[in-house]
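Below, all heavy atoms of this structure are taken into account, side chains as well, without hydrogens, waters or symmetry copies.
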Protein chains: 2
Amino acid sequence: MHLGLPESDHSEIRKLDLFQGVEDDAFRALMRGAYVQTFPPQIELISEGDRSDFLYIMVDGSVELFAEWNGRETVMSTVHPVSTFILAATIRDAPYLMSARTLMKSRVVLLPSLDVRTVFSEDAAFARAVVRELAQCYRAVIKNTKNLKLRSSLERLANYLLRQQIRADGAEEFDLLIEKRRLASYLGMTPENLSRAIKALQPYGVVIDGVRVSITDRNDLEGLAKPSALIDDPSH
Amino acid sequence: MHLGLPESDHSEIRKLDLFQGVEDDAFRALMRGAYVQTFPPQIELISEGDRSDFLYIMVDGSVELFAEWNGRETVMSTVHPVSTFILAATIRDAPYLMSARTLMKSRVVLLPSLDVRTVFSEDAAFARAVVRELAQCYRAVIKNTKNLKLRSSLERLANYLLRQQIRADGAEEFDLLIEKRRLASYLGMTPENLSRAIKALQPYGVVIDGVRVSITDRNDLEGLAKPSALIDDPSH
DNA sequence: CGTCCTTTTGAACATTGTCAAACACTGTGG
DNA sequence: CCACAGTGTTTGACAATGTTCAAAAGGACG
């Protein structure tokens, strides 16, 4: 018999923007139908085209969202804890547009889409939270499109590194959180091209050794990257 | 004194997905604060970075959404009647990520963002309609990203033409609804490249003379374009 | 008819991708 | 501990794709 999600998992999930202001009853109703599962690396959790049976919440590990066409594949984004993914498909009861695979051992909460849609139509606070979340996601994708269409691959890499540095609290040295070939795909280039782009950033004070990134002069790199709040600022 | 929107404009707007299921009172409240304006061509209605004071509804004409960075500019999408634009910025009370300019003489309804947010937080049906709309927009942008990252410019053009043909009810001949240089920018290429891509489609039975498109053998073109529901189907 | 803008064409150039091979890293099993 | 396989990364030579620049051709409009 299915007993829902262990209480121990509630607290971090409850903190998600998506559940702010939601009635305790509604939240508990969602959690009752939820599953937790731990997956090994390289497991394809969902495939594009599938019906959206669950809303996913990353609790631990990391997951890559990717898309395929005509034998080609591209990384759309990487999901880190704690956050949800494929909310839009769940809400619209539409097929997934992206596939998802675990990159490492990962713990994931699965909320049956039916439950999500029920709570969505009964709890106004949840509906509003979903709106804010979706608006955020929408804006993130728009920024990504601007990044792709307005910048060269070298500029995209430069800005990516600057964003990662902020994520690392501005440290001069930090680690890449993603394999280089996946980063290349995310940035819309080949691994070979990324490898050369990394070298091309050396004159701007960037050294990358394995996963270790060092940015000696942020100003110099910013001169090339020209970061913009309307593309690179995740909160804006 | 401001008297709100003429009743004559209500009916088409009322039909928008965004207002389905919304209480009549709430809808009228929105319309009371609304303005209608007619703009000549080439007017920049909003600029990226501006605060989102209004939600816009295209009633007549057409508007181009575009973005700029570092002196470059790219067309993000073209808005045709009757539909809303920049909903996400309005809801999040965040700066616009895109600019908008009229392409022809256009009639536009402006809903003060404050009113939209008020009705959004008071009318649950509106909140849910906003969710569906945003989820739709989100999925459209994801499809666009897949299109950009997974396809060459020739493939993007081929699929664009197939989509336009469907929009024209499958007619063998139809007109482009957008200037070629804007189409080029929308497809992420230069006008010169588009011009050559059009020629490159001749062996696949495509002839474009001015705005007139003729597709003699759809199957042949589909062989190259390989359209996919998960990229090209607007409803999916 | 002349002006302005878009579109097309050609040639040179830049960027990015492909292919093949070498290299580096990781973990396994002898 | 080492040899080895498997995978990811880098490098070099080359090809394909896309851009830039300049100029000509075509259209729209006063």
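For B:Met189, the side-chain atoms get nearest to D:dT19 when compared with the rest of C:dG17, D:dT19, D:dG12. When each of C:dT8, D:dG8, C:dT18 is scored by its nearest atom to the side-chain atoms of A:Glu179, the top-ranked nucleotide is D:dG8. In the set D:dT20, D:dG8, C:dT7, the nucleotide with an atom closest to the side chain of B:Arg181 is C:dT7. When distances are taken from the side chain of B:Ser152 to each of D:dG18, C:dT6, D:dT10, the shortest belongs to D:dG18. The side chain of A:Thr190 lies closest to C:dG17 when the candidates are C:dG17, C:dT9, C:dT7.
Look at CG on B:Leu176: it is 13 Å from C1' on C:dT7, rounded to the nearest Å. For B:Leu183 and C:dT6, the CG to C1' distance is 14 Å, given to the nearest whole Å. Rounded to whole angstrom, the span from the CG atom of B:Asn193 across to the C1' atom of C:dA11 amounts to 15 Å. Atoms CG (B:Leu103) and C1' (C:dT6) sit 15 Å apart, rounded to a whole Å. Computed from coordinates, the A:Ile208 CD1 to D:dT10 P distance equals 9 Å when rounded to whole Å. As a whole-Å value, the separation of A:Lys199 NZ from D:dG12 C1' is 11 Å. When the P atom of C:dT16 is taken as reference, atom CG of A:Leu148 falls 12 Å away, rounded to whole Å. A straight line from CZ of A:Arg182 to C1' of D:dT7 spans 11 Å, rounded to a whole angstrom.
Here A:Glu192 lies in heavy-atom contact (under 4.0 Å) with a base.
Partner B:Arg101 forms a salt bridge (charged side-chain N to carboxylate O under 4.0 Å, His left out) with one of B:Glu44, B:Glu64, B:Glu48 and no other, that one being B:Glu64.
Within the structure, every side-chain polar atom (N or O) of A:Ser195 is placed at least 4.0 Å from both OP1 and OP2 of D:dT9.
A 4.5 Å side-chain heavy-atom check between B:Leu87 and B:Leu55 finds at least one atom pair inside the cut-off.
Dense packing is recorded around CG of B:Asp233, with more than 12 heavy atoms of other residues, nucleotides or ligands lying under 6.0 Å away.
For the salt bridge (Lys or Arg N to Asp or Glu O under 4.0 Å) test, no residue two or more places apart in sequence or in another chain qualifies with A:Arg156.
Judged by distance alone, with hydrogens and angles left aside, B:Arg196 brings a side-chain donor or acceptor within reach of the base of C:dG10, the pair sitting under 3.5 Å.
Ring-plane geometry between A:Tyr56 and A:Phe85 is classed as parallel, the angle between the planes falling under 30 degrees on a 0 to 90 degree scale with a further cut at 60.
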